[in-house]
Every structure is written in structure tokens, then in C-alpha cells.
Amino acid sequence: MPMGWRLFFLFLFEAVAPSLECNQLDRDSLLRSLPSPPGWNLSSPSCCLWDGVACNPDNRITRLSLPGRGLSGSLTPFLANLTFLSHLNLSSNRLSGPLPSLINNLHLHTLDLSSNRFNGSLAGLASTATTSMNVSNNSFTGPLPSSICTTSPLLTILDFSFNQFSGVVPQQYQRCSHLQVFRAGFNSLSGHLPHHLYTLTTLKEISLPNNAFSGPINATISLLTNLTVLELHDNQLTGPIPPLISSLSSLQQLQLHTNNLTGPLPPSLTHCSNLTTLLLRNNHLHGDISLVDFSKLQNLQALDLGNNTFSGQIPSTFCLCRSLTALRLAYNRLVGELPPCMASLKNLAHLSLSDNSLSGVVGALKILRHCDKLQVLFLSRCFNDEPMPDDDDLVHLQGFQNLQILTLGGCSLKGQIPWWISKLRKLKVLNLSYNQISGPIPTWLGDMPSLFVLNLTKNTLSGGLPRELGRLPALITDNSSSDLSSLALPFLFDSQQYNRLFNLPRGLKVGYNSLSGEIPAEIGQLKLLHLLDLNNNHFNGSIPAQLSGLVNLERLDMSENRLTGEIPQSLTKLHFLSYFSVAGNDLEGEIPRGGQFETFPSASFQRNRGLCGYILGRNCSSLVTMSRQEEYDSGNQWYGVPFGMGYFVGFFAVSISLLFQCKRPL
Ligand SMILES: *[C@@H]1O[C@H](CO)[C@@H](O)[C@H](O)[C@H]1NC(C)=O
Ligand SMILES: *[C@@H]1O[C@H](CO)[C@@H](O)[C@H](O)[C@H]1NC(C)=O
Ligand SMILES: *[C@@H]1O[C@H](CO)[C@@H](O)[C@H](O)[C@H]1NC(C)=O
Ligand SMILES: *[C@@H]1O[C@H](CO)[C@@H](O)[C@H](O)[C@H]1NC(C)=O
Ligand SMILES: *[C@@H]1O[C@H](CO)[C@@H](O)[C@H](O)[C@H]1NC(C)=O
Ligand SMILES: *[C@@H]1O[C@H](CO)[C@@H](O)[C@H](O)[C@H]1NC(C)=O
Ligand SMILES: *[C@@H]1O[C@H](CO)[C@@H](O)[C@H](O)[C@H]1NC(C)=O
Ligand SMILES: *[C@@H]1O[C@H](CO)[C@@H](O)[C@H](O)[C@H]1NC(C)=O
Ligand SMILES: *[C@@H]1O[C@H](CO)[C@@H](O)[C@H](O)[C@H]1NC(C)=O
Ligand SMILES: *[C@@H]1O[C@H](CO)[C@@H](O)[C@H](O)[C@H]1NC(C)=O
Ligand SMILES: *[C@@H]1O[C@H](CO)[C@@H](O)[C@H](O)[C@H]1NC(C)=O
Ligand SMILES: *[C@@H]1O[C@H](CO)[C@@H](O)[C@H](O)[C@H]1NC(C)=O
């Protein structure tokens, strides 16, 4: 731009910029309305130039936008003196206390008080904002303000989510005839869903998850043809999904999971061809899903039908859902084989078929290896009593190069741990527990570059524990490899499940097999290991003192083996150890004292004839000479824990852990 023009524009800009003096009343009110001014230059003559402040041509303050400025304390009634204010954004501060009642005197267009610590009731709130009101993520209590739609019928956005509002959605809200977004999730609202709002055809979003709404979904919701988001999950809704829901042709997100919905998946639902997210898990839906034609859902990215009682075969119409990224059908009653066309799901990253009654694990893997983006594959308790897919089945395996989690537990698979698994260079989690896998633990497992959870619990593996496992890179140095957050897809799980699956503790679990030989000292190099289960095998020899190198270990179970010698004193250096058991071995000598060993119950040490120490109430110096009765009579102060009690505690702990193993979803 030539210099002359540039000067001209500068001049023009100067001319329309507000003049410098701001209204004195506004200036005073502004300074007194906030608990503390957010670093404004108070010697600057115009408050209109202060950060976050804007004025009209008469120098009256019209906008105050101070999100995320670290403001704390309460707002004062002086705020209501800013009579020209139309836009107030105080989002993401630490403002607290109740809203001054004078806020009703403001005539705002937009009010954003989200993500603060305001509390008290909004029941008396009247005409504050005319277009958009966001009070989400505070600590408001009591009923939703019932008169806002009477005084401000032009409201388009109402966000009450993440508070502690209770009661019902006020009838009066149907007067908000321009309402587009209504959010009130994560509160304690109850009663029926607000079907009186289903005449507000302007609505684009209804989001009411995590409340206590009950009763059915009224079919009149089908009037809301502009609705793109409908989130009603985590309530107590009953009855069927109304087939008329198919009229919601703009719908992109339908989340009805974790309710008490019954009946079939309405076949007409697939007319909602703009659906990207369809989450229906944790309901009581049933019926043959192979009768539903999914092929119209070309935009579908996430489909979760898990934990219902759907039956039938996996429909091949899934194969035409080309956008599908995450598919979860776990915990249903599906039968048959995986349709071969699923090889064409090139975007599929996450597939969970666990807890069904499918057949043909070899065929399934041959198909799925073509899904190049697959990162997570849950196939536990899904097949039954088949041969483990071996190298002859999957020769020249080139697939699964992005696979990070593979679970094939509880399928009673027979055979050996196959070599093709060694080619899965990104594999972080391998669960082959509860099968009938025999033969040795292959030494190449120790060279898998990303592996940090290996679960071989309850098989019939034999031979030794390979010392090569002691060099697993992701358990020695690579802390970052255990980050599964890139697999996030949190929408497929509730937060509890999510934490369980994606914050997996780094662990080696080989319990309940027929492994023998000594525990290799090299295992002690796995300093990032959190869990080590070697229990219920035939390990012999002594416990390597080098296990003290497992500085992050939280759980060490060596119970029910044939270990001999003493418990190394060095294990008292394991500061995070909260579970330890060597029960049922041939150990001897004094139980170490100090560190976490002060906290373990006697059950951790029982059934070792030669162990002594205060925990067992067995005095070491007198072990050889005294009988139990004599020892008791000697008045040993440590004898406080009766044997019977200790055994009971031990039995109880074992029962609980067994329960846990079987219940845990994969
Ligand atoms: C504050 O404003 C005064 C008056 O406009 C100006 O002289 C001074 O430099 C400003 N201070 C800062 C730190 O900007
Ligand atoms: C400003 O607000 C205060 C406190 O609400 C009130 O006492 C005062 O009368 C108001 N001043 C004006 C000029 O409106
Ligand atoms: C308030 O400010 C935040 C942060 O800039 C912004 O994300 C939000 O959209 C604003 N609220 C409104 C209603 O404009
Ligand atoms: C309300 O504010 C929160 C937090 O700032 C934001 O996440 C949310 O999207 C806003 N609601 C609407 C409807 O814009
Ligand atoms: C609620 O606000 C807090 C603090 O500002 C923030 O850390 C958190 O992410 C917000 N939560 C939601 C759901 O917006
Ligand atoms: C609001 O929070 C303050 C502390 O910030 C507390 O003293 C007051 O009792 C709370 N009021 C209500 C109604 O919960
Ligand atoms: C469904 O909503 C309509 C319109 O609000 C209402 O008249 C009807 O009683 C509702 N039906 C049920 C079963 O709640
Ligand atoms: C529905 O959405 C379309 C497109 O955004 C809009 O033109 C129409 O006015 C909306 N209908 C209603 C009732 O708001
Ligand atoms: C949900 O369904 C279960 C089993 O059908 C039933 O026991 C439970 O009471 C129902 N809960 C509600 C809130 O309707
Ligand atoms: C579906 O989405 C496309 C692309 O966003 C849009 O053009 C179309 O109007 C939508 N269909 C309906 C029925 O809303
Ligand atoms: C299945 O859903 C029910 C509620 O319908 C819930 O109690 C149960 O924990 C869920 N099971 C799994 C494995 O998610
Ligand atoms: C490994 O198997 C055990 C059964 O011993 C189970 O409890 C645990 O959840 C499994 N861990 C993983 C990461 O799959």
C-alpha cells in the first residue's frame, strides 16, 4: 500500500476511535463492581481503553469481557450501575458467592458467567440476559429460574450445565420461542423430560445428561427437525426409542446411553443419515441387529451398542459406514462370524466385540488385519474353545501395524503364543489371560519395543520366565510409551471405564500357570513396572534381591510357588508397594522389617514353615525350641494377631481379587 493511503487509513481509524474520556459514573461503578481490578492502568484517562472494556460513542461501557483473568471474590451491586452494559463475559475466573440481586436491573444481551464458583439460588433471576445466558460450571443450587423466558422470550442460548440445580424444567421455558441451545446436563434435575419444549422448532441442541430424568422419550420430539444434538444419557429413562425419532433428519449426535431404555433399535433410525455419533450402550435394548440396515449412515464415526441384549449376526451393512472410527458391540448376544467386508473399514481405529458368542477367531483376524488404522482391538470372551490363530493362519502378516491394544482373554484358545505377535511393533497391551495356551513364554516378547502390559494369567504355560523379559524397553526407560491418550475416544466409555482402560498400570502378569525355574534377577531392571504377578506357578530357588530395583512396584504377588531361602531385606526399599504376598512357599528366616513391610498383613506370609517375625506372631529366636502354645504363653507382645483371623483376612483377600479378575471388563 502506498504511504499516502496508509496515512489516510490511519487518519480514518483515529477519527472513528472513541474519544478518550469515559463516563465517570461508569468508571466508578466498574471499579467498585469487581472484587479487584484486573491490572488496569488506572492513571489512563479512559476506562474505555482498558483491557476487556468497550464503550458506545457516548463513552458508556457496553461490553465487559474479562474471561480467564484470575478474578476472585464476589461481584458487588455496583455492577448494576453499568446501565449500558449489554455484554458481560466473566467466564473462567474464580468468582464466588451469590449473584447480587441487582443483576436483574441489567439489560444484557449476553451473559457468560461460566466456570466460576458462584453459588446460591437463581430462582429469582428475571430479565438479565436477552439472547444468551451461560452459567455453566458453577455451584448454583435450587430450581432453574422460571421467569427468564417470560421476561426474555428471545433467548437463543441457555446453558445451566455442571451445577447443582434441582427440580423440573419449568413449563414457562416454552415461551422461549427462539431457543436454539438448551443445556442443563450434570445437575440433579428430575421429573419427565421437558416435552413441553418439543414445540420449539428452532431448537438445535438439547443436552440434559447426568440428571435424574425418568419416564419415556415422548415421540413428539420428532417435531424438532432442526435438532442436531440430542444428549439424554445417564438418566433413568424408560420405554422404547420412539421410531419417529427418524424424523430428526439433521441429527448428528444421539446419545441415549446409560438409561433403562427397552425395545429394539428402530430400523427407521438409519434415516438419520447425518448421524456421526450414536451411543446407546448400557440399556436394555434387544432384537436382531442384522435386521437393521446401517448402510445409510455414511457419516457415522462412533457407534456404541455395547451392554444391551442385541442378538443375531454382525450385519454386513456396517461395512458401508465408511467413516466408522469406533465400533463397540461388546456385552451383547451376537453370534456368527465377522463379515469379511469389514476389511473395507479403513478408518476403524477402535473395535470392541468382547463378551459375545462369535466364532472364527482366525477368520476375524484375517479380516481385521486389513483395517490399517486399527489401534484397539478388544476380543475377550468373544470366541470360545478355538485354536489360537497361529503363524500358518496369518503368514506374511502385514497388518495390525498400528495396533496398540490387543485383548483375546477368556476365549479358551488352545495352542502356543504365536510368533506373528512379535511383528506388532506398536503393541503396548497384550492380554491373553484365561485361555488354554501351553508351551513356553517366548523370549522374543522381551524385544517388543512398546509393550508395557503383558497379561498371561491363567493358562497352562510351562518352562521358565525368560530373562529376556527383563529388557522390555517400555518398562525400563520409555515413560511416554504408556501414554494411551492418543487412543482417547472417551465418548465410548464412562469416566470410570475410561480410567480403567486407558490408565493401565504397567504390569507383567503370569499368575496361574505352570511356570518353573528361578525368578530371573533381570526382572529387577524393569524399574517402570507397577504390577508383578508370579503367583500360583512352580517357581523355585530364592527371591532375587535385585527385585528391589522395581522402584515403582505397587503389587508383588509370588504366592503359591516353591520359593526357598529368606525374603531379601532389600525389598523394604520398595516404597510404593501396597500389596505383597509370598504365602504358600518354603521361605524361611525373619520377615524383613521397615518400609512398607510394616503394613502387610500376616496373610501375606502364611504357609511358609520357616518364616518367623512379629507379623506372624512367631518369635524368630525361639522358633526352633518353642511350640506354638509355649510361644503364646511367653506373652510375646506381637502375638496380637490371632492365627484364625489372619487366615480369614487372607482368604477374604483372595476371594476379592478373584471376583475382581472375573468382573473386570476388557
Ligand atoms: C498508564 O497511563 C498513563 C496515562 O495515559 C501513561 O502515561 C502510562 O505510561 C501508562 N502506564 C503504563 C504502564 O502503561
Ligand atoms: C450505584 O449502585 C449503588 C449500590 O447498588 C447504589 O446505592 C447507588 O445508588 C447507585 N448509583 C447510581 C448513580 O445509580
Ligand atoms: C467468553 O470468553 C471466552 C474466552 O474468550 C469465550 O470462549 C467465550 O465464547 C466468551 N463467551 C461469549 C458468550 O462470548
Ligand atoms: C458455556 O460455557 C462453557 C465454559 O466456558 C462452554 O464450554 C460452553 O460451550 C458454553 N455453552 C454454550 C452453549 O456456548
Ligand atoms: C469447570 O471450571 C474449572 C475451573 O475453571 C475448569 O478447570 C473445568 O475444566 C471446568 N469444567 C467444565 C466441564 O467446563
Ligand atoms: C456460597 O459460598 C460461600 C463461600 O464461597 C459460602 O460461605 C456460602 O455459605 C455459600 N452459600 C450458599 C447459599 O451455598
Ligand atoms: C407427549 O407430549 C405431548 C405434548 O407435550 C403431550 O401432550 C403428551 O401427553 C405426552 N405424552 C406422554 C406419554 O407423556
Ligand atoms: C431450521 O434450520 C434452517 C437452516 O439453518 C433455517 O433456515 C430454519 O429457519 C430453521 N427452522 C426453524 C424453525 O428455526
Ligand atoms: C431399570 O431397569 C432395571 C431392570 O429392568 C430395574 O431393576 C430398575 O429398577 C430400573 N430403574 C429405573 C430407574 O427404572
Ligand atoms: C446433512 O449434512 C449436510 C452436510 O453438513 C448438509 O448439507 C445437509 O443439509 C444435512 N442434512 C440434513 C437433513 O440436515
Ligand atoms: C451394563 O449396564 C448396566 C446398567 O444398565 C450397568 O449396571 C453395568 O455396570 C453395565 N455393565 C458393563 C460391563 O458395562
Ligand atoms: C489381566 O488379567 C487379570 C486377570 O488376572 C485381569 O484382572 C486384568 O484386568 C487384566 N489386565 C489387563 C490389562 O487386561
Side-chain angles (χ1 to χ4, degrees), residues 35 65-76 87-101 108-125 128-129 131-145 148 155-166 173 176 178-188 200-210 222-231 245-254 268-278 296-301 321-323:
S65 185
L66 298 169
R69 296 297 202 286
L71 302 175
S72 60
S74 301
L75 295 178
T76 76
H87 179 104
L88 178 59
N89 189 347
L90 298 173
S91 167
S92 304
N93 284 292
R94 292 191 298 272
L95 296 165
S96 57
L99 291 186
S101 60
L108 298 171
H109 181 268
T110 300
L111 174 65
D112 190 345
L113 300 178
S114 62
S115 295
N116 279 286
R117 296 167 187 176
F118 290 112
N119 66 1
S121 172
L122 287 184
L125 194 70
T128 296
T131 305
S132 162
M133 173 168 151
N134 190 344
V135 296
S136 70
N137 199 6
N138 281 287
S139 299
F140 290 116
T141 51
L144 293 176
I148 46 170
L155 273 163
T156 58
I157 295 176
L158 276 178
D159 194 339
F160 297 108
S161 40
F162 297 98
N163 281 287
Q164 289 131 47
F165 290 110
S166 55
Y173 281 14
C176 273
H178 289 60
L179 199 58
Q180 296 183 359
V181 176
F182 179 52
R183 292 187 196 163
F186 295 85
N187 281 290
S188 303
L200 305 178
T201 51
T202 47
L203 273 168
K204 293 180 173 159
E205 177 177 339
I206 296 180
S207 177
L208 301 170
N210 293 76
S222 58
L223 297 172
L224 302 178
T225 51
N226 268 5
L227 208 60
T228 58
V229 175
L230 180 58
E231 297 175 340
I245 212 164
S246 60
S247 310
L248 305 180
S249 55
S250 310
L251 209 55
Q252 294 172 8
Q253 293 189 37
L254 179 57
S268 59
L269 190 61
T270 61
H271 295 307
C272 302
S273 59
N274 272 4
L275 270 176
T276 59
T277 306
L278 177 56
K296 295 200 193 80
L297 301 178
Q298 294 283 319
N299 295 300
L300 197 62
Q301 292 170 15
C321 305
R322 305 270 183 212
S323 312

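Each ligand, and each atom within it, is numbered from 1 in the order the structure gives. Only this structure's heavy atoms are used, side chains among them; waters, hydrogens and symmetry mates stay out.
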task: Anything under 30° is parallel, anything over 60° is perpendicular, the rest tilted; go ahead and classify Phe140 against Phe165.
output: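 Rings of Phe140 and Phe165: parallel, under 30°.
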Considering the heavy atoms of [X], write down every atom of ligand 4 situated less than 4.0 Å from one of them.
X: Ser136; result: 1 (C), 2 (O), 3 (C)
X: Ser91; result: 5 (O)
X: Ile157; result: 13 (C)

Taking the side chain as everything from C-beta on, heavy atoms only, tell me whether [X] gets closer than 4.5 Å to [Y].
X: Thr201; Y: Thr225; value: no
X: Leu179; Y: Tyr173; value: no
X: Gln164; Y: Ser139; value: yes
X: Leu251; Y: Leu230; value: yes

task: Answer with yes or no whether Asn137 contacts ligand 4, where contact means a heavy atom under 4.0 Å from a ligand atom.
output: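 Contact absent.
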field: Pick from Leu275, Asn274, Leu248: the one approaching atom 11 (N) of ligand 10 most closely through a non-hydrogen atom
entry: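 Nearest heavy atom to atom 11 (N) of ligand 10 lies in Asn274.
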- prompt: How long is the gap from CG on Leu95 to CG on Leu113, to the nearest 0.5 Å?
  reply: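 Reported value, rounded in 0.5 Å steps: 8.0 Å.
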- prompt: What's the shortest distance from atom 9 (O) of ligand 4 to any protein heavy atom, and which residue and atom give it?
  reply: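 Of the protein heavy atoms, Arg183 NH1, 3.1 Å lies nearest.
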- prompt: atom 1 (C) of ligand 4: which protein heavy atom is closest, and how many Å away?
  reply: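 The answer is Asn134 ND2, 1.4 Å.
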- request: Find all atoms of ligand 10 within a distance of less than 4.0 Å from any non-hydrogen atom belonging to Ser249, and give their numbers and elements.
  value: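 Answer for ligand 10: 12 (C), 13 (C), 14 (O).
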Proximal ligand 10 atoms for Ser250, defined as those under 4.0 Å from one of its heavy atoms: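 So the atoms of ligand 10 that pass are 14 (O).
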field: For Asn119, atoms of ligand 6 separated by under 4.0 Å from a heavy atom
entry: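 Reading through ligand 6 atom by atom, the close ones are 1 (C), 2 (O), 3 (C), 8 (C), 10 (C), 11 (N), 12 (C), 14 (O).
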query: Counting only N and O atoms by type, is there a donor-acceptor contact under 3.5 Å from the side chain of Asn93 to the main-chain atoms of Asn116?
result: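 No: the side chain of Asn93 does not pair with the backbone of Asn116.
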field: Donor-acceptor pair, side chain of Asn163 and main chain of Asn138, under 3.5 angstrom
entry: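 Yes, the answer is positive, given that a donor and an acceptor are paired below the 3.5 Å cut-off.
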- prompt: Any N or O of Asp112 that comes nearer than 3.5 Å to an N or O of ligand 4?
  reply: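 No; the residue has no nitrogen or oxygen that sits under 3.5 Å from a nitrogen or oxygen of the ligand.
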query: So is Ser115 polar-close to ligand 4, meaning N/O to N/O under 3.5 Å?
result: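 Between Ser115 and ligand 4, no N or O pair is found under 3.5 Å apart.
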message: Quiz question: by atom type and distance under 3.5 Å, do the side chains of Glu231 and Ser207 form a donor-acceptor pair?
response: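 Side-chain D/A pair, Glu231 to Ser207: present.
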Is [atom] in close reach of the protein, with a heavy atom under 4.0 Å away?
atom: atom 14 (O) of ligand 10; value: yes
atom: atom 7 (O) of ligand 6; value: no
atom: atom 4 (C) of ligand 6; value: no

field: Heavy-atom pair of closest approach, residues Ser247 and Ser222
entry: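 That closest heavy-atom pairing would be CB-O, 3.6 Å.
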